[in-house]
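Please read these numbers as outputs of a predicted model, since none were measured by experiment. Throughout, numbering of the chain's residues begins at 1 and tracks the sequence.
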Amino acid sequence: MIKRTLYFGNPAYLKTANEQLVIEMHDSGETKAAPIEDIGILILDHQQITITQALLAKLLANNTAVITCDHTHHPTGLMLNLDGNTLQSQHFQAQLEASAPLKKQLWQQTVAAKIQNQAAILAIQREENKLLLNYAANVKSGDSENHEAQAAAYYWKRIFPDFLEFRRERHGPPPNNLLNYGYAILRALVARNLVASGLLPTFGIHHRNQYNAYCLADDIMEPYRPYVDKVVCHIIRGNGRFLEMTPTMKKDLLAIPAMDVIIDEQKSPLMNAVQRTTASLVKCFEGKARKLLYPVLQ
């Protein structure tokens, strides 16, 4: 079953009753309810939202990723379950004992998959992509020649129309805002599935930062980023230069977990594909498989 992504952008009181998320809207006085077991991601994007401890506990027990946003509507916090898998201790141990060569091989696969998907995006945008395909086919263990960065430099110069004069910067002008929002949703989704697979999102196969609690999520989400880019390209086609976040744009980005992708030659919602990727990562850490399953963008 595809888990739902729920977004709250108005004043509300959120509580629980009968295993339901109960929403009391301040403005209209209207009350709604949703089964907690159906919720995969919950986004809180208003300073006047109140949520009960009982509801938070039930959401986390359901392995729901809870995202909080600041006054500028940017995601700033992520809350996850600490106990998401019955074999968690066993999987933690395999993850922490993974050898350096294995991590380098996993990163090689991850970078190759990301660049291949970036090349597919350029093809959709009718841009030349042979250089990226070449980079993807020749990524070495650990990406020792840094093809990821070389591909990114080429990719970001060509993905969007010239009139935007785009530079990829976290705090840069639009459409950086749209990319940041989409990536935040994707990161929460990947972190949620890592926890569900019994892995620690903190310890990455490549990313290492003592101040980053989601290094592994940042690794595994890389081949999925082009799917966010694809949605942003679609938004740009419909809005031109006018790219300050609107409710319609936000709706498009919130639909990313449900978009169809191809993984292992089968169509699947992106949310389920991430689940398969994290499950394959567990098998790699345990020595039961050598290949990470990633989606192929078409």
Inset, instruction - Verify side-chain hydrogen bond (donor to acceptor under 3.5 Å, both in side chains) between Asn117 and Tyr294, making sure each step is shown before the conclusion. - result: CA-CA 10 Å; Asn117 285 345; Tyr294 279 124; over 6 Å; no
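A donor-acceptor distance shorter than 3.5 angstrom exists from the side chain of Asn62 to the backbone of Ile36, with no hydrogens or angles considered.
Atom CD of Gln47 has more than 12 neighbouring heavy atoms from other residues, nucleotides or ligands inside a 6.0 Å radius.
Between Arg4 and Pro35 the shortest heavy-atom distance is NH1-CD, 4.5 Å. Closest non-hydrogen pair, Ala65 versus Leu78, comes out as CB-CD1, 3.9 Å. Here the closest non-hydrogen pair linking Leu292 and Cys284 is N-SG, 4.2 Å.
For the side-chain hydrogen bond (donor to acceptor under 3.5 Å, both in side chains) test, residues two or more places apart in sequence or in another chain that qualify with Lys288 are Glu286. Judged as a ring-ring contact (aromatic ring centres under 6.0 Å, His included), and not counting sequence neighbours, His91 has no contacts. By the ring-ring contact (aromatic ring centres under 6.0 Å, His included) test, Tyr135 pairs with His147, sequence neighbours left out.
In this structure, a donor-acceptor pair under 3.5 Å is absent between the side chains of Arg170 and Asn176. Between Asn10 and Asp27, the side chains place no donor N or O within less than 3.5 Å of an acceptor N or O (distance only, hydrogens not considered).
Between Phe166 and Phe160, the ring planes are perpendicular. Angles over 60° get that label, and only those under 30° would be called parallel.
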